[in-house]
Amino acid sequence: MRRKLPAVLLSAALAFVVTACGSGSGGTTTADDGKITLGFSQVGSESGWREANTKSIKESASTAGIDLKFSDAQQKQENQIATIRSYIQQKVDVIAFSPVVVTGWDAVLKEAQAAKIPVVLTDRAVDSDASLYVSFLGSDFVKEGEAVGDWVLNEYKDATGPVNIVQLEGSVGSAPAIDRKKGFEAKIASNPNLKVIASQSGDFTRADGKEVMTAILKANPKIDLLFAHNDDMGLGAIQAIEEAGKKPGVDIKIVTIDAVKDGMQALADGKINFIAECSPLLGDQLMEIVKQIKAGQPVEKRIITKETTFTQEQAAEALPSRKY
Ligand code: GZL
């Protein structure tokens, strides 16, 4: 005859089963309502690109029914590391972040792995071992630098003398700054007339772009071209160039990367000459990856976003339908 379990034991056993079933991969516990919890650490709010990226992440999480914990690190790696540690303590189901710089992530990624919480990199890469994260979702920054370099090679293919180039680099130590510089400089090396006479970080912000370009204009009377690693630094430099009494896009040609609305407007207005796109709309793809991870499905290690380039004519046509 089956002995009846006392009610208190039965309810305790039931509670354990429910809790166990509700647990995510490894030691995480999916929220009581079964919702996936994603902890996201964002670089900051330094540029129009970043604001569009944040909007994409938040809107896509809401649409996907994923419970998003979001933090803005104000471009400080120590803030990102502290936030990732707090997500580990909270036992979120998945951690995703856009690493402000390439180095210094091994320890915290190992802590997440020990806690059996999968990590997804978005937008920027790290130099940690690839076994420490599930996937990278973002752009190929070397290709973006090469696309700008190709335009410059063509623009000055008939130059008979030196073409003086200024480069405004992104945040020091960040993957986009390192790789855009690498792609651009390797591409223009084939024409010895193309000379980078000054190259300095403007930290991807409009204010720093203006400040650095103002100093470079004072020190260099003949500048033919500016390559800014993002639209925002290019827009800051435009202010500096105009305050120096020169015509941006004419006296000093300007090429940038991102293709956010303000950059595309300057391109259509003739103040910028060429932009290579870098899409910030990573939210939907990130939420798909998060759901695949929780469903135990395989995820590609490196997912590169599709991007294009814009001339002044193409910008005028594209502007009305741009999402960011
Ligand atoms: C690129 C992204 C860069 C943008 C900048 O994916 O990391 O950071 O190009 C942004 O506008 O600040």
Side-chain angles (χ1 to χ4, degrees), residues 40-57 72-77 79-80 96-103 105 120-127 135-148 167-184 201-210 212-213 226-238 254-267 272 274-286 302-310 322-324:
F40 188 89
S41 170
Q42 180 60 291
V43 165
S45 51
E46 74 282 359
S47 62
W49 190 98
R50 189 62 55 196
E51 283 158 23
N53 180 246
T54 291
K55 185 167 176 278
S56 173
I57 300 282
D72 170 335
Q74 284 131 27
Q75 289 186 277
K76 291 183 174 55
Q77 180 175 31
N79 290 347
Q80 288 199 289
F97 72 112
S98 173
V100 61
V101 291
V102 169
T103 58
W105 302 99
V120 178
L121 302 182
T122 68
D123 166 31
R124 297 186 181 178
V126 298
D127 67 356
S135 180
F136 165 82
L137 164 63
S139 304
D140 183 329
F141 300 129
V142 174
K143 282 198 172 9
E144 291 171 347
E146 289 172 345
V148 170
Q167 183 173 208
L168 285 180
E169 299 181 21
S171 306
V172 175
S174 69
I178 293 165
D179 286 351
R180 286 170 181 168
K181 179 185 176 78
K182 182 157 67 173
F184 176 73
S201 175
D203 206 18
F204 283 131
T205 70
R206 215 172 282 205
D208 287 11
K210 178 180 180 182
V212 171
M213 192 64 187
L226 165 67
F227 166 37
H229 286 187
N230 79 330
D231 293 353
D232 282 73
M233 291 190 294
L235 293 163
I238 283 171
I254 299 176
V255 291
T256 67
I257 296 176
D258 274 353
V260 295
K261 202 174 283 291
D262 289 351
M264 292 287 274
Q265 189 59 61
L267 181 59
I272 290 179
F274 179 80
I275 299 182
E277 183 183 43
C278 175
S279 175
L281 304 181
L282 304 176
D284 286 347
Q285 283 177 286
L286 173 59
R302 185 169 161 79
I303 302 165
I304 299 301
T305 43
K306 292 180 179 42
E307 296 162 347
T308 184
T309 59
F310 294 96
R322 292 293 286 173
K323 290 187 191 147
Y324 59 91

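Reckoned from all heavy atoms, side chains included, excluding hydrogens, waters and symmetry mates. One-based numbering, in listed order, for ligands and for the atoms of each.
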Participant: Quick one: do the H229 and Q167 side chains pair a donor with an acceptor below 3.5 Å?
Facilitator: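 Yes, Q167 and H229 have a side-chain donor paired with an acceptor closer than 3.5 Å.
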Participant: Taking only residues two or more places apart in sequence or in another chain, which ones pass salt bridge (charged side-chain N to carboxylate O under 4.0 Å, His left out) with D123?
Facilitator: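 With sequence neighbours excluded, D123 shows a salt bridge (charged side-chain N to carboxylate O under 4.0 Å, His left out) to R50, given in chain and number order.
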Participant: For a quick check: using heavy atoms under 4.0 Å, what are the residues in contact with ligand 1, sorted by chain and number?
Facilitator: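 Those residues closer than 4.0 Å to ligand 1 by some heavy atom are E46, S47, W49, R50, D123, R124, F141, P176, R180, F204, N230, D258, C278.
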Participant: Is a donor from one side chain sitting under 3.5 angstrom from an acceptor on the other, for S139 and T305?
Facilitator: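 Per modelled atom types, S139 and T305 side chains form a pair under 3.5 Å.
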Participant: Restricting to side chain to side chain contact (heavy atoms under 4.5 Å, CB included), what partner residues turn up for K76, sequence neighbours left out?
Facilitator: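 E78, N79.
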Participant: Show me the donor-acceptor pairs, under 3.5 Å and distance only, between side chains in residues 276-285 and residues at least two apart or in other chains.
Facilitator:
residue: E277; atom: OE1; partner: T308; partner atom: N; Å: 3.0
residue: E277; atom: OE2; partner: R322; partner atom: NH1; Å: 3.1
residue: E277; atom: OE2; partner: R322; partner atom: NH2; Å: 3.3
residue: E277; atom: OE2; partner: Y324; partner atom: OH; Å: 3.2
residue: S279; atom: OG; partner: L281; partner atom: N; Å: 3.2
residue: D284; atom: OD1; partner: S60; partner atom: OG; Å: 2.7

Participant: Side chains of D127 and T103: any donor to acceptor distance under 3.5 Å?
Facilitator: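 No, because no side-chain N or O of T103 sits under 3.5 Å from a partner of the opposite role on D127.
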